[in-house]
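FYI, side chains are in, hydrogens and waters are out, and symmetry mates aren't considered; it's all heavy atoms of this structure. Here is how names work: the chains are called A, B, and so on, in the same order as the sequence lines, proteins then strands, and each is numbered from 1.
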2 protein chains.
Amino acid sequence: MKPTVHDIAKIAGVSLATVDRVLNGRPGVRSVTRGKVEDAITSLGYVRDLAAANLAKSRTYSFVFILPANDNSFMIGLHEEVRGAVARSSSERTDIRIVDVPPFDPGALVTALETVLAEKPAGVAFVAIDAPEVRAAARRLSEAGIPMVTLVSDLPDSSRDHYAGIDNIAAGRTAGSLMGRFLSGPLMDERGATVAVLAGSMLVRDHRERLEGFSTVIAHAYPNVHILPVLEGRDDPALSEAMVSEALRRNADIAGIYSLGAGNRGLIRALQKAGAVRRPLVIAHELTASTRAALADGVIDAVLNQDAGHEVRSAIRVLKAKADGLPVLAAQERIRIDIFLKDNLP
Amino acid sequence: MKPTVHDIAKIAGVSLATVDRVLNGRPGVRSVTRGKVEDAITSLGYVRDLAAANLAKSRTYSFVFILPANDNSFMIGLHEEVRGAVARSSSERTDIRIVDVPPFDPGALVTALETVLAEKPAGVAFVAIDAPEVRAAARRLSEAGIPMVTLVSDLPDSSRDHYAGIDNIAAGRTAGSLMGRFLSGPLMDERGATVAVLAGSMLVRDHRERLEGFSTVIAHAYPNVHILPVLEGRDDPALSEAMVSEALRRNADIAGIYSLGAGNRGLIRALQKAGAVRRPLVIAHELTASTRAALADGVIDAVLNQDAGHEVRSAIRVLKAKADGLPVLAAQERIRIDIFLKDNLP
DNA sequence: GAAATCCTGAGGTACGTAAATCAAAATTTG
DNA sequence: CAAATTTTGATTTACGTACCTCAGGATTTC
């Protein structure tokens with residue numbers, strides 16, 4: 001039988017009230033008495049029954065998710081997953097609120113964080129923008145004792161408690177490795193191959209990191225693959241399409257394209273317009289309706305994906321654990337880089 | 001505020017006892033009254049507070065995991081993960097027991113299932129062997145109302161409630177696709193390429209399915225890749241090593257090896273002995289200490305992996321949900337095929 | 001040594017549900 | 001219509017913890 005507070009009281013020879021005072025750090029206990037109680041706790045191996053405690057407190061974890069109001073499929077999917085969590089929240093003793101902020105806007109994010117700080121929620125998850133003022137705002141939240149998880153995009157070396165997202169350098173390396181291997185052979189002659197990279201913006205950390213990983217692997221392992229200057233399509237379909245079309249026109253020898261941002265709709269349109277004759281090898285990020293279709297059709301060769309649902313659920317689990325001062329199961333919370341070929345589409 | 005049983009009683013104009021009778025399907029309620037209560041329940045959108053209910057019942061979910069006493073790294077890892085779950089079980093209101101059975105032995109598995117049936121646990125997870133007698137035993141458990149999850153290896157078209165494992169046909173297809181793509185080029189001349197397949201046993205369903213997926217993709221998409229007759233190493237290091245060494249000796253032109261079973265230690269030794277001159281492209285299953293090292297060293301090119309920890313945790317979540325008659329979040333419980341290159345090793 | 005402060009015990013209520021008892025009311029049966 | 005039966009209400013206890021009050025004992029302070 002699991003030990004309860006009553007057992008502690010009996011063993012320590014004190015009253016229930018005193019046990020309660022010790023357990024919940026309330027004042028009014030002499031250190032000798034506190035010692036007796038603590039000994040009883042450890043000797044019994046007592047662990048507080050969280051479910052009962054939460055019931056008694058009639059506690060609900062109030063979490064805030066700050067999400068950029070981006071209109072690409074991935075962010076829309078992320079929103080959806082958070083809304084799904086909101087729907088399930090009543091049965092999970094959570095009360096999740098979504099705060100939308102304009103994308104790529106550090107100032108707006110800081111304002112949102114400040115507003116959230118005033119409400120003192122039980123935890124905050126946000127898609128970070130790597131800027132000093134954001135870091136400072138995060139520190140203020142941390143000092144206020146509010147657990148904090150970065151989502152999708154990290155804020156390294158900051159006061160955040162956890163990052164629920166993929167390792168973007170590893171993702172870039174993986175893309176580079178796949179690109180190098182897939183290109184070696186039919187698409188590459190003795191002079192090497194040319195690869196184009198389509199990004200959203202080099203101001204965003206994840207994009208920078210992916211490019212960094214990609215370039216490193218290509219430079220070291222596939223030296224005869226040549227990377228063209230990065231196309232920054234700002235994750236905008238029309239702009240991305242124009243840039244890719246233009247690049248394909250100007251460089252007849254493009255053998256591969258790495259799309260590391262969210263501009264895939266434009267990319268796919270450009271590729272379709274270019275026709276079947278010019279079929280470069282394409283590696284993209286994020287499995288959405290359009291990339292999935294393109295993968296099935298053979299327009300895209302591989303998709304690296306992060307599962308937004310997993311990220312959201314992981315963020316919630318971690319925030320709960322942090323709010324309760326519990327340890328986090330690292331292996332469970334590591335967000336993996338999914339590699340999809342058309343053969344393992346779920 | 002979330003509605004409680006008291007609210008239902010008030011709205012329906014009945015007593016708490018009657019609400020309890022309706023909620024828990026106890027007898028002694030006229031259908032008119034039952035109707036009033038049910039109306040109140042739906043109109044209030046009442047959902048039973050599981051935590052409170054479990055507290056009141058002082059309920060613990062008793063689960064049994066039946067695992068083969070196999071000595072390969074994957075099964076050892078699986079055992080470890082279940083033991084980890086056992087360690088956490090007290091705080092999760094679960095009481096997990098592990099039953100070891102001899103591997104590849106349908107009779108022993110059936111006996112174990114029968115024994116478990118007698119104890120009437122709240123749920124059972126087991127690594128299935130695809131045999132009629134196992135199917136029959138599973139049916140008896142199902143008829144006794146015991147939730148059942150197959151782990152790692154499935155028992156399709158049976159009475160099991162859920163399968164916590166990967167789609168092995170898709171895994172085989174993915175391996176085939178990677179093999180075909182990686183081979184096309186430097187390792188393949190106009191006459192095509194030869195590929196060897198190392199399996200544990202063709203009697204095991206997962207191995208059959210992986211081979212099926214692999215062969216299908218190779219046949220359709222890479223017709224000039226030729227697959228040698230399957231080597232059945234029975235997941236035994238020494239035997240696997242001997243078979244691979246022998247195959248490499250006899251077929252000087254082996255360009256690729258697909259290891260779809262658990263005989264990787266032997267495979268790696270054979271490859272190391274063959275030396276750096278003969279470096280076939282190698283794709284293996286399950287990320288273990290040895291495959292991880294081989295991947296880092298470039299002896300293995302890609303590893304397909306199923307995360308045992310995820311499988312165990314998923315099985316427990318599903319068993320809990322089934323025991324409570326709750327729906328399962330399919331997206332959360334889908335076990336994914338991880339693809340590891342040396343660039344995305346965790 | 002009295003007054004003030006600090007510690008501790010005893011007891012209760014609450015959280016939302018389960019489960020039981022017993023009496024009263026309603027309904028059916030003969 | 002009375003007796004037997006079924007249905008319902010009222011009330012209680014329990015699960016394990018949190019949190020509150022109040023009284024009285026133990027210490028400290030002046």
Are any of Thr18(A)'s side-chain N or O atoms less than 4.0 Å away from OP1 or OP2 of dG9(C)? yes
Rounded to whole Å, please give me the gap between CZ in Arg93(A) and P in dT17(C). 9 Å
DNA chain D: Ala53(A) or Val14(B), which has the more 5' nearest nucleotide? Val14(B)
How many whole angstroms separate atom CD1 of Ile41(A) from atom P of dT17(D)? 11 Å
Are any of Thr4(B)'s side-chain N or O atoms less than 4.0 Å away from OP1 or OP2 of dG16(C)? no
Just the rounded figure in Å: distance from P of dA18(C) to NE2 of His6(B). 12 Å
Below 4.0 angstrom, N of the basic side chain to O of the carboxylate: do Asp7(A) and Lys2(A) qualify? no
For Leu55(A) and dT13(C), give me the distance from atom CG to atom P, rounded to whole Å. 17 Å
Round to the nearest Å and state the distance from Asn54(A) atom CG to dA18(D) atom P. 9 Å
Strictly below 4.0 Å: does Arg26(B) bring a side-chain N or O up to OP1 or OP2 of dA20(C)? no
Which part of the nucleic acid, if any, lies within reach of Asn24(A) when heavy atoms closer than 4.0 Å are counted: base, sugar-phosphate only, or nothing? sugar-phosphate
Does Ser58(A) make a side-chain N or O approach to OP1 or OP2 of dC15(C) shorter than 4.0 Å? no
Val152(A), Leu151(A), Leu113(A), Val101(A) screened by side-chain contact (heavy atoms from CB on, under 4.5 Å) with Phe126(A), the one that passes: Leu113(A)
Lys36(B) atom NZ is separated from dT7(D) atom P, nearest whole Å, by 14 Å
With a 3.5 Å distance limit and no angle check, can you tell me whether Asp20(B) reaches the backbone of Leu16(B) through a side-chain donor-acceptor pair? no
Under a 4.0 Å N-O cut-off, is there an ion pair linking Arg135(B) with Asp157(B)? no
Look at Arg140(B) together with Glu143(B) and state whether they make a salt bridge at an N to O cut-off of under 4.0 Å. no
Take atom CG of Leu44(B) and atom C1' of dT17(C), then tell me their distance rounded to the nearest Å. 16 Å
Atom NZ of Lys2(B) and atom P of dT17(C) are separated, to the nearest Å, by 7 Å
Out of dC19(D), dA10(D), dT17(D), whichever nucleotide has its closest atom nearest the side chain of Asp20(A): dC19(D)
Short side-chain to backbone donor-acceptor contact, Asp95(B) and Thr60(B), under 3.5 Å: no
Can you see which heavy atom on Phe63(A) is nearest to which on Lys320(A), and at what distance? CZ-N, 3.7 Å
Are Asp39(B) and Arg34(B) within salt-bridge range, i.e. N to O under 4.0 Å? no
Contacting residues from residues 317-327 of chain A, given that a heavy atom lies under 4.0 angstrom of DNA chain D: none
Between dG9(D), dA10(C), dC19(D), spot the one nearest the side chain of Lys57(A), thanks. dC19(D)
Look at Asp49(A) together with Arg93(B) and state whether they make a salt bridge at an N to O cut-off of under 4.0 Å. yes
Every protein N/O within reach of nucleotides 22-27 of chain C N/O, cut-off under 3.5 Å:
{"residue": "dT27(C)", "atom": "OP1", "partner": "Arg30(B)", "partner atom": "NH1", "Å": "3.4"}

No-hydrogen, no-angle side-chain donor-acceptor test under 3.5 Å, His310(B) and Arg336(A): yes
